[in-house]
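Worksheet: the structure to be examined is printed underneath.
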2 protein chains.
Amino acid sequence: MSDFRSKQFKRPTMYDVARLAGVSQPTVSRVLSAGNAGDASALISDETTQRVLDAVNKLGYRPNVVARSLRTRRTFTVAMLIADLSNGFYHPMARAVQDVARQHNYEVLISNSDHIYENERHFCDIVLGSGVDGVLMVPIHLSSDELSQYVDRAHIPFVALAEHIKHPHIDLVWVNDHRATYEGTRWLINKGSHQKVGFIGVSDDLPPGPRRFDGFTRAMNDAGLQVDPRFIKIGDFTLESGKKAARSLIEGGELPTAIFAINDLMAIGLILTLQDAGYRVPEDVAVIGFDDIPEASIVRPALTTLAQNPRDIGEKMAEMLFERIENPNSTERRVYESHCHLIVRDSA
Amino acid sequence: MSDFRSKQFKRPTMYDVARLAGVSQPTVSRVLSAGNAGDASALISDETTQRVLDAVNKLGYRPNVVARSLRTRRTFTVAMLIADLSNGFYHPMARAVQDVARQHNYEVLISNSDHIYENERHFCDIVLGSGVDGVLMVPIHLSSDELSQYVDRAHIPFVALAEHIKHPHIDLVWVNDHRATYEGTRWLINKGSHQKVGFIGVSDDLPPGPRRFDGFTRAMNDAGLQVDPRFIKIGDFTLESGKKAARSLIEGGELPTAIFAINDLMAIGLILTLQDAGYRVPEDVAVIGFDDIPEASIVRPALTTLAQNPRDIGEKMAEMLFERIENPNSTERRVYESHCHLIVRDSA
DNA sequence: TTGTATGCGTTATCAT
DNA sequence: ATGATAACGCATACAA
């Protein structure tokens, strides 16, 4: 059997390759990095190149990237923190980031905060020591000041999907969800001439909370409507919290005739629970969501929603990041707005 | 402004801390690793410990994990390859792995193959050089022989979610989906006394393909039923491929009265397209799936399905891996079977 | 209890 | 075109 897992086992190094090929260790290094860099290719004779390559194959040599990183101070790895791996909104975003990263020969370290504050901090703590070359993140709880402290010590490029981050060295992608909420609400009101419109939001200390509630409120006021506190519920982005909001609404006696939910998962929870209680969507209660996750096309009636463009978001974040990584001296701060658009289906 | 991104910037090292504290660099190392190891704590005087810690804080020093890894040959990172980030089945699994990893002070590098062969190979290539301390993976296309070649050269523990991997050094978690399919099919047949039962599978060169088709076939035969090739369709695990299978079935003219889909996503695509074409589920066609992803509870009728236990799978894989990492000499191969159970909802 | 010296496996700067 | 040598930041054997 092989020497698997024996403590004594030692991976072949450049020295081993060099000895076998009858050259010096730095020569091996040059041969191998000629492929990457592309410029130094002429510095090595074809003959020794061949001998080295043969030795590499014979030994099954693989460069030790840890040693390389120590020397070059680059890990060719970026870290990404997203808020919820299980939320369909983030998949295309993560995928897009990985696609761009691969074009640049980078790996992506994905982490998941589950919307939990401590996890966001833990991620930043890890990142500070980990040697990654750049960071993409969706800070939900982290304030601009807290994040700034990390960035000031990390000395690597950061890109965030956020609106509330002010640090001059953090590039931003953001979504004008205030406007989207405003226009979505207005569309919803006009669509059915609704008078009583509800809202399922999230706590005010989460960044999208106040913004989207304000967009909603303004649209209501501009339509001459009052926001009725009985129809305002707070969730936490999850399906279950949407169901809970629906139960709370039903127990309250009177129902609004239309509801704006600030994400699809809660909107779907709402629909499911409303239907289980015998209400028809959209006839009794119209529902509109936010995100356009895959489940929005599965629920019946299919969910009308404000679609974000997570692929665009991920691509732009990654492109901004790699531009910084490859050009560390460009100084102006970049901010990119990714747009929303309404997708009309059957729930409103 | 800070020296952010200036090429000249140098993170403080142990030498800087040592100089500031008036001690030698190894002393700093000892102070800092006292917290981790726990044993060496008595070796340093309280006074110098304090001085060192003060210097650390003052400089904002963070250990360079790349250098540490080079020295210790441990990265405290494991890599995980899953087949599809966007498939709800894998979330609890990834989450469970991360939870276990955190208990061991490990980070998890998540990668996504998208069911693509080249990506599985790329992952293994990266892993070989990356210095991770262990690997968890879901090999879909990779054959036992191919994977074995990587493992023989990697000299780190591997754990796979698979049945077809034979290598004596790869620990396995597996699901007896042959039996689950058999029993699910039998239940389906009995439930509605069905005579014509369809099957949505995947290509034979994907490991679950033949196993589940065989389980289906046996159950049919044991019930005295013939497998009708007109009712057998091949998909690729995606919702869209389920829809396509349904369209193909509908165009075929005659429909089965019950269909077994080997995953939930295809089952849901089936239901949606069937309903759009005017068929009732389960009255006209009963449908059963496999996995119990969150969407199974969203679709109406709610999907009857064979639930896997991804949290259990992830936990066991991680536990096996860390046992190997922490005890490299234990030699016997571990194999764990994670069980399925039927969840009866409304689609069958 | 602490300091000195060495090496982990690379890349980079000199030479030659 | 290639070889000798140093350095990246840390942990550890050994000396004191």
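Here is the naming used below: chain letters follow the sequence lines, and residue numbers restart at 1 for every chain.
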Ring centre gap for B:H169 and B:H155 strictly below 6.0 Å: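 No, ring centres 6.0 Å or more apart.
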
Grab the [atom1]-[atom2] distance between [X] and [N] for me, whole Å please.
X	N	atom1	atom2	answer
A:R19	C:dG9	CZ	P	12 Å
A:N64	D:dC10	CG	P	17 Å
B:R30	D:dA15	CZ	P	14 Å
A:R74	C:dA12	CZ	P	11 Å
A:M14	D:dT2	CE	P	16 Å
B:Y15	D:dA11	OH	C1'	11 Å
A:D16	C:dC8	CG	C1'	13 Å
A:L32	C:dA12	CG	P	13 Å

How is [X] classified with respect to the nucleic acid when contacts are heavy atoms under 4.0 Å: base, sugar-phosphate, or nothing?
X	value
A:S29	base
A:V23	sugar-phosphate
B:S69	nothing

Answer yes when B:D99 and B:R102 have at least one side-chain N-carboxylate O distance shorter than 4.0 Å, and no when they do not.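 Salt bridge between B:D99 and B:R102, a charged N being under 4.0 Å from a carboxylate O: no.
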
Quick check on [N]: is either OP1 or OP2 less than 4.0 Å from any side-chain nitrogen or oxygen of [X]?
X	N	value
B:Y61	D:dC10	yes
B:S24	C:dG3	yes
B:R71	D:dC8	no
A:R73	D:dC8	no
A:T48	D:dT2	yes

Picking from D:dA1, C:dG9, C:dT10, which would you name as closest to the side chain of A:L70?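 Looking only at side-chain atoms, A:L70 lies closest to C:dG9.
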
Per A:Q25 side chain, nearest of listed nucleotides C:dA5, C:dT11, C:dT2: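 Ranking C:dA5, C:dT11, C:dT2 by closest atom to the A:Q25 side chain puts C:dT11 first.
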
State whether the side chain of B:E120 and the backbone N or O of B:P139 hold a donor-acceptor pair below 3.5 Å, judged by distance alone.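 Such a contact is absent between B:E120 side chain and B:P139 backbone.
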
Is it true that a side-chain atom of A:R334 and a backbone atom of A:M320 form a donor plus acceptor pair closer than 3.5 Å?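 Here the side-chain-to-backbone pair does not exist.
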
Identify, between B:T72 and B:E47, the residue whose nearest nucleotide on DNA chain C lies closer to the 5' end.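 Upstream on the strand: B:E47.
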
Toward the 5' end of DNA chain C, which comes first, B:A67 or B:T27, by nearest nucleotide?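 Between the two, 5'-proximity favours B:T27.
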
Non-hydrogen side-chain atoms of B:T75 and A:V66 separated by less than 4.5 Å: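 The answer is yes; the side chains approach within 4.5 Å.
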
